[in-house]
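All remarks here apply to the structure that follows.
Because the structure is a prediction, the values reported are computed rather than measured.
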Amino acid sequence: QAHLVQSGGGVVQAGGSLKLSCQAPERTFATNHMAWFRVTPGSEREFVAAITRTGGSTYYRDSVKGRFTISRDSAKYTVYLQMDNLKPEDTAVYYCGATLGNSVTIRNWKTYPYWGQGTQVTVSS
């Protein structure tokens with residue numbers, strides 16, 4: 001039973017765009033930092049992007065800087081991941097997470113207690 005509800009994802013050609021959404025219960029959203037992680041077969045879940053509880057700080061892995069944008073909407077209890085200029089290596093299952101962590105643990109999936117159900121993103125060449 002996923003605590004967070006994800007939507008979006010799909011198949012897109014290289015260079016295209018997709019937008020992922022993740023809605024949390026009101027209290028969870030108001031209390032937690034939010035982040036996106038992704039996983040491919042045989043790989044450890046890797047950090048993609050995060051945004052702090054108030055939206056004051058954002059974090060990105062180097063390979064998506066300048067291409068992905070994370071944001072949050074307090075009126076909808078929703079975090080978004082806008083993905084532009086997608087590349088085949090972005091193909092993965094993307095998961096939304098929520099945590100009470102800090103600037104160090106925010107990049108570590110093992111510190112996240114709440115997760116979405118995951119959604120497939122496929123980028124064709």
Approximate separation, where rounding is to 0.5 Å, of Ser125 OG and Lys87 NZ: 14.0 Å
Val12 vs Met83 side-chain heavy atoms within contact, under 4.5 Å: no
Nearest-0.5 Å distance, CD of residue Glu44 to CZ of residue Phe37: 10.5 Å
From Gln120 atom CD to Thr91 atom OG1, the distance as rounded to the nearest 0.5 Å: 7.0 Å
Sequence neighbours excluded and cut-off under 3.5 Å, please list the side-chain donor-acceptor pairs for residues 16-23, or say none.
unit_1	atom_1	unit_2	atom_2	d
Ser17	OG	Asp84	OD1	2.8
Gln23	NE2	Lys76	O	3.0

Close side-chain approach of Arg67 to Tyr60, heavy-atom, < 4.5 Å: no
Heavy-atom closest pair, residues Phe47 and Ile106: CE1-O, 3.8 Å
ring-ring contact (aromatic ring centres under 6.0 Å, His included) partners of Trp109, counting only residues at least two apart: none
Check: Thr52 side chain, Ser57 main-chain N or O, donor-acceptor pair, under 3.5 Å: yes
Nearest-0.5 Å distance, CG of residue Asn102 to CG of residue Asn108: 10.5 Å
Nearest non-hydrogen partners of Trp115 and Gly97, listed with the distance: CE3-CA, 4.0 Å
Test item: Glu89 and Val123 side chains (from C-beta on) under 4.5 Å apart, heavy atoms: no
Distance (rounded to the nearest 0.5 Å) between Phe68 CZ and Thr58 OG1: 14.0 Å
N/O donor-acceptor pair under 3.5 Å between Thr69 side chain and Gln82 backbone: no
Lys/Arg-Asp/Glu bridge criterion (N-O < 4.0 Å) met for Lys65, Asp62: yes
Flag, side chain of Thr111 to backbone of Thr105, donor-acceptor distance under 3.5 Å: yes
Spatial distance of atom CE (Met34) from atom CZ (Arg72) [nearest 0.5 Å]: 6.5 Å
Minimal non-hydrogen separation, Leu81 against Ala49, with atom names: CD1-CB, 4.1 Å
Cation over ring face, Arg45 and Tyr95, 6.0 Å, 45°: yes
Minimum-distance pair of heavy atoms, taken over all atoms of Ala98 and Asn32: C-OD1, 3.7 Å
Tyr59, OH atom: more than 12 neighbouring heavy atoms under 6.0 Å: yes
Heavy-atom check, side chain of Arg38 versus side chain of Asp90, under 4.5 Å: yes
Check: Thr31 and Leu100 side chains under 4.5 Å, non-hydrogen atoms: yes
Heavy-atom closest pair, residues Tyr112 and Ala50: OH-CB, 4.5 Å
Least distance between heavy atoms, Trp36 atom then Ile70 atom: CD1-CD1, 3.7 Å
Leu86 with Val48, same ILVMFWY side-chain cluster at under 4.5 Å: yes
Shared hydrophobic cluster for Tyr94 and Ile51 (ILVMFWY, side-chain gaps under 4.5 Å): yes
